[in-house]
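Data block below; observations after.
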Number of protein chains: 2
Amino acid sequence: MDEQGMDEHGTCGHHAHEDRTQNAGTHGAHDHGACAHGPARAGDLVARAERLAQARGLQFTALRRRTLEVVAEEGRPLGAYDIAERLSVPGKRVAAVSVYRALDFLTEHGLVHRIASRNAFVPCEHGHGAGESAVFLICRRCGNVDETTSAEIERSLDRTLAQAGFKPASRIVEIEGECGACQGKAEAE
Amino acid sequence: MDEQGMDEHGTCGHHAHEDRTQNAGTHGAHDHGACAHGPARAGDLVARAERLAQARGLQFTALRRRTLEVVAEEGRPLGAYDIAERLSVPGKRVAAVSVYRALDFLTEHGLVHRIASRNAFVPCEHGHGAGESAVFLICRRCGNVDETTSAEIERSLDRTLAQAGFKPASRIVEIEGECGACQGKAEAE
DNA sequence: GTCCGGCCTGTTACAGTGTAACGCTCGGCG
DNA sequence: CGCCGAGCGTTACACTGTAACAGGCCGGAC
Ligand SMILES: [Zn+2]
Ligand SMILES: [Zn+2]
Ligand SMILES: [Zn+2]
Ligand SMILES: [Zn+2]
């Protein structure tokens with residue numbers, strides 16, 4: 001189709017429809033506020049997704065890519081309905097249910113993460129190998145989410161689980177509090 | 001108040017009705033399946049709540065108590081609407097919004113916990129002191145939730161948080177997988 | 001070529017989760 | 001007595017998530 005016209009250099013990735021072909025690159029300067037490291041890495045994530053799809057024979061479709069781009073460009077966790085809205089253009093609405101399906105794909109392959117305590121989604125900030133799980137630091141004040149990992153935490157958890165005779169399949173670790181930047185701001189008040 | 005008398009072994013506690021007064025007794029064998037340690041501890045939790053309310057000058061009202069009892073008697077995590085339904089009787093419906101308020105109170109004071117990945121609530125299985133946070137082991141097959149703590153995990157987390165300059169306020173650790181009992185069942189298949 | 005089956009997406013409809021706002025009642029207090 | 005705050009009932013609404021069905025596009029079988 002033809003809905004579009006706003007890409008400039010970049011191709012912020014709309015243009016859905018060439019169905020299954022994906023061109024890469026593109027950076028897209030959107031001016032989202034408070035975007036700490038969003039857009040800079042968005043291209044990287046898309047590139048990673050393309051490599052991954054290639055390697056595993058997956059279909060990294062236009063909708064999935066656009067969804068990934070939207071999530072990656074925003075610095076904060078986004079709800080599925082927010083994503084749907086950002087993906088929609090006057091003539092062409094994207095239904096939330098489609099976004100959910102795209103998000104299912106993306107989370108399944110480790111490209112985005114779901115923040116259970118917020119019902120929202122964030123881009124994966126660093127491809128973790130295998131079962132290496134993430135720790136999310138969610139700031140109460142600015143809403144930013146930082147993703148990190150810790151082999152030490154992983155080990156402690158494994159020990160506790162083994163002791164309980166529990167076989168883990170997925171792990172959720174979400175810490176809510178104040179990020180470093182906001183602690184500074186708090187003092188200034 | 002006069003509502004009490006239901007500890008001991010018995011007291012499965014259902015039959016809530018009479019508005020604010022609740023007489024106990026009733027044991028009501030409901031046969032909730034797979035109720036591992038639910039009803040046995042329900043009385044303990046209520047007792048703890050009463051001590052806590054006494055100590056802090058809080059109002060442990062009938063609705064809050066009945067809500068706590070319902071959560072404690074069920075072995076599995078319950079949704080707010082499920083709780084509302086269990087609290088309702090033909091003549092008198094309890095709205096979910098009231099349950100949410102009661103749950104706010106109960107979670108605030110550490111009597112129940114919210115399982116973020118399930119949008120459900122479980123009784124606290126052991127009064128943790130101060131900032132000691134819990135680890136929830138959620139079984140995929142039977143749905144049971146086990147609560148445990150680990151000073152080791154706590155320390156690892158603290159180290160990671162300090163390193164990131166993040167000031168934690170609340171922690172969520174939820175592991176989904178297979179509990180010991182269900183692993184046995186799985187082999188039997 | 002045509003047909004078929006899978007995968008993805010659009011669309012509708014609905015279930016489940018959570019909160020805002022308003023008004024009432026009750027108990028304590030001046 | 002009236003005032004006030006906390007708890008609760010009620011309504012209405014927003015947000016989150018899924019089921020079910022239909023259409024399009026592909027690749028492989030015939
Ligand atoms: Zn990640
Ligand atoms: Zn912050
Ligand atoms: Zn607990
Ligand atoms: Zn189990």
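All heavy atoms count here, side chains included; hydrogens, waters and symmetry mates do not. Numbered from 1 within each chain, the chains take letters A, B, ... in sequence-line order.
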Can you tell me how far C1' of C:dC8 sits from CG of A:Leu58, to the nearest Å? 13 Å
In chain order, what residues pass the ring-ring contact (aromatic ring centres under 6.0 Å, His included) check against B:Phe136, with sequence neighbours excluded? B:His113
Could you tell me how far apart A:Leu63 (CG) and C:dC7 (P) are, to the nearest whole angstrom? 18 Å
Please determine, for the side chain of B:Arg64, which listed nucleotide (D:dT16, C:dG18, D:dG7) has the closest atom? D:dG7
Any side-chain to backbone donor/acceptor pair from B:Glu73 onto B:Ala42? Under 3.5 Å, distance only. no
Any side-chain N or O of A:Asn119 under 4.0 Å from OP1/OP2 of C:dT17? no
Once you round it to whole Å, what is the distance between P of D:dC15 and CG of A:Asp82? 9 Å
Just checking A:Glu85: does its CD atom have more than 12 heavy atoms from other residues, nucleotides or ligands closer to it than 6.0 angstrom? no
Determine: side-chain N/O of B:Thr61 to OP1/OP2 of D:dC8, distance under 4.0 Å, yes or no. yes
Rounded distance (Å) that lies between atom P of D:dC13 and atom OH of A:Tyr81: 18 Å
Measure the distance from CZ on B:Arg65 to P on D:dG7 and round it to the nearest whole Å. 16 Å
Can you see if the side chain of A:Gln59 gets near the phosphate of C:dC8 - specifically, an N or O under 4.0 Å from OP1 or OP2? yes
Within residues 94-112 of chain B, those residues having any heavy atom closer than 4.0 Å to DNA chain D are B:Ala95, B:Val97, B:Ser98, B:Arg101
Nearest whole angstrom, please: distance from the C1' of C:dC8 to the CZ of A:Phe60. 15 Å
Contact class for A:Arg114 vs. all strands (heavy atom < 4.0 Å): base, sugar-phosphate, or nothing? sugar-phosphate
Would you say A:Arg93 has more than 12 foreign heavy atoms packed within less than 6.0 Å of its CZ? no
Take atom CD in A:Glu147; do more than 12 heavy atoms of anything else shown fall under 6.0 Å from it? yes
Protein-nucleotide distance (A:Arg66, atom CZ; C:dG10, atom C1'), rounded to Å: 13 Å
Under 3.5 Å donor-acceptor, B:Ser98 side chain and B:Val94 backbone: no
Students often mix this up, so state it plainly: with edges at 30° and 60°, are the rings of B:His109 and B:Phe105 parallel, tilted or perpendicular? tilted
CD1 of B:Ile115 versus P of C:dG18: gap in Å, rounded? 12 Å
